[in-house]
Amino acid sequence: MNSNPHMLEQNFRPDTEQALDLQALRADFPALHQEVRGHPLVYLDNGATSQKPRSVIDAIRHYYERDNSNVHRGVHTLSERATLAYEGVRKKVRNFFNAASIREIVFVRGTTEAINLVAQSYGRPRFSTGDEILITEMEHHSNIVPWQLLCQQTGATLKVVPFNEAGELDLDAYHELLGPRTRLVAVVHVSNSLGTVNPVAELIAAAHQLDVPVLVDGAQAVAHRKVDVQALDCDFYTCSGHKLFAPTGIGVLYAKEALLADMEPYQGGGDMISRVSFEETRYNDLPYKFEAGTPNIAGVIGLGAALDYLEPLDMTAIGAHEDELLHYATTQLQALPGIRLIGTAAAKASILSFCIEGVHPHDISTILDGEGIAIRAGHHCTMPVMTHYGLSATARASFALYNNRDDVDALVAGIDKVKEIFQS
Ligand code: 7TS
């Protein structure tokens with residue numbers, strides 16, 4: 001029995017959990033079924049990285065045990081198998097994002113590399129003094145620093161859209177800052193430290209009125225919401241496989257074909273060329289022009305298995321289930337004295353950042369770890385967000401499709417324990 005006094009509606013399982021057959025889903029993730037410090041693991045650090053279903057782990061093992069070979073170059077059987085598997089995943093990614101063509105899907109290391117690629121290949125040859133790049137105050141460092149580097153290289157200027165106390169973008173400021181000098185907008189879809197879901201379709205439509213392209217950082221969105229790049233009409237969309245139940249070291253840059261076709265390669269090397277001589281090098285077709293060197297083949301295959309895993313599940317049902325959990329957790333934390341929620345936007349997804357009066361977030365995390373509960377504490381690579389609230393860090397619980405109300409109840413019980421320890 002759960003002894004948590006804050007637990008609501010005991011034994012009640014909402015429709016969203018039933019719709020997903022949560023018990024069966026949880027069984028698919030081996031790492032969830034272990035004890036940490038004598039307690040069953042409660043994994044609430046999905047914003048940092050998600051756990052992997054067995055099918056992903058098996059797909060990677062199968063590749064190394066049977067098909068391990070380089071892609072796009074051998075004519076032997078193993079290389080053909082590896083190439084077929086690798087390119088098959090590109091089709092799956094195209095479907096997942098509803099991109100118009102596989103030529104728009106570039107495999108990269110993750111969100112960070114995707115943004116750096118756009119900054120260097122799109123921005124560097126085009127931008128110069130007086131040009132402006134518009135980002136927001138709630139960006140992850142990986143959607144700040146590449147643009148700062150680009151500004152140093154080109155003389156362009158970074159402009160920043162502020163957010164309000166709830167963690168919602170100031171849309172009036174956005175429309176004011178968007179102007180004739182804006183050359184690119186780069187905005188996070190779902191904030192990793194606030195949970196805010198930004199109205200990206202609206203931001204994109206406004207930018208397009210001025211012919212300004214928009215990059216959307218989807219690192220925290222893709223595992224929680226259906227993303228349709230054609231419906232959004234974004235120019236660039238970035239994500240990391242490891243937050244989407246796939247391995248680390250693999251991610252996706254989606255970019256409109258016309259933009260990619262007109263961009264310089266990011267790196268030079270094998271596979272990205274069609275012909276090389278010392279006088280002249282011609283580049284390969286899209287998207288290979290942007291995939292220099294031996295790629296992360298096993299990572300791509302793992303990503304394909306993760307997308308296969310998600311395929312029969314309904315992303316809308318996943319989002320609804322997580323929203324319900326977030327609401328359940330938020331209601332309980334709000335009722336606890338001495339707790340401050342950071343990020344209370346009307347539109348939020350899967351992230352619950354908070355502080356406990358008089359307790360450093362690292363201590364919260366350490367005490368919770370003693371109860372087998374994994375959360376993250378720190379600035380979450382969003383130092384400007386911390387500065388906005390006058391904080392150095394927050395504690396952050398972040399949900400994925402396999403989390404349930406028991407996980408939230410354990411978190412709330414753990415927070416009670418933290419408060420007891422610090423208030424005694
Ligand atoms: N953008 C956002 C919104 C993120 O949350 C992250 C990672 C990144 C970009 C960078 O992704 P990467 O896979 O290239 O590193 N965010 C987090 C986090 O919140 N905790 O650990 C990593």
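Just so you know, ligand 1 is whichever comes first in the structure, and atom 1 is the first atom listed for that ligand.
In this comparison of His189, Arg376, Met138, the heavy atom closest to atom 21 (O) of ligand 1 sits on Arg376.
Between Tyr266 and Val108, every side-chain heavy-atom pair lies at or beyond the 4.5 Å cut-off. Under the 4.5 Å side-chain criterion, counting only non-hydrogen atoms from C-beta, Glu291 is in contact with Val106. Taking the side chain as every heavy atom from C-beta outward, Arg183 and Val212 never approach each other to under 4.5 Å. At a threshold of 4.5 Å between non-hydrogen side-chain atoms, the residues Val185 and Tyr174 count as touching. Contact annotation: the side chain of Phe236 never approaches that of Leu117 to less than 4.5 Å [non-hydrogen atoms, C-beta and beyond].
Protein heavy atom at the shortest distance from atom 14 (O) of ligand 1 is Thr112 OG1, 2.6 Å. Of the protein's non-hydrogen atoms, Arg396 NH1, 2.6 Å is the one closest to atom 19 (O) of ligand 1. In terms of protein heavy-atom proximity, atom 22 (C) of ligand 1 is closest to Lys243 NZ, 3.2 Å. Remark: minimum distance from atom 4 (C) of ligand 1 to any protein heavy atom is reached at His140 CD2, 3.4 Å.
Contact detail for Glu104 and Lys256: the closest heavy-atom pair is OE2-CA, 3.6 Å.
Using a 4.0 Å cut-off between heavy atoms, Asp217 contacts ligand 1 through its side chain alone, with no backbone atom that close. Looking at Thr111 against ligand 1, both its backbone and its side chain come within 4.0 Å, counting heavy atoms. At a 4.0 Å heavy-atom cut-off, ligand 1 touches His242 through the side chain alone. Neither the backbone nor the side chain of Glu113 comes within 4.0 Å of ligand 1, counting heavy atoms alone.
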**Request:** Before giving the answer on salt bridge (Lys or Arg N to Asp or Glu O under 4.0 Å), spell out for Asp314 and Lys226 the whole-Å C-alpha distance, their side-chain angles and the decisive distance to 0.1 Å.
**Result:** CA-CA 9 Å; Asp314 175 2; Lys226 169 79 192 135; over 6 Å; no
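Near Gln220, meaning under 4.0 Å from any of its heavy atoms, are these atoms of ligand 1: 3 (C), 4 (C), 5 (O), 16 (N), 19 (O). Ligand-side atoms of ligand 1 in range of Val188: 3 (C), range being under 4.0 angstrom from any heavy atom. Taking every heavy atom of Asn192 and a limit of under 4.0 angstrom, the matching atoms of ligand 1 come to 5 (O), 16 (N), 18 (C), 19 (O). Atoms of ligand 1 found under 4.0 Å from any heavy atom of Gly47, numbered from 1 in the order shown, are 17 (C), 18 (C), 19 (O), 20 (N). Short contacts between ligand 1 and Ser240, defined as distances under 4.0 Å to a heavy atom of the residue, involve ligand atoms 11 (O), 12 (P), 13 (O), 14 (O). Near Ser142, meaning under 4.0 Å from any of its heavy atoms, are these atoms of ligand 1: 1 (N), 8 (C), 9 (C), 10 (C).
Results of the side-chain contact (heavy atoms from CB on, under 4.5 Å) test with Ile144 over Leu149, Thr136, Thr382, Ile135 single out Ile135 as the only residue that passes.
Because its NZ or CZ atom is not both nearer than 6.0 Å to the ring centre of Phe97 and within 45° of the ring axis, Lys92 does not count as a cation-pi partner of that residue.
In this structure, the ring of Tyr86 has its center no less than 6.0 angstrom from the ring center of Tyr63.
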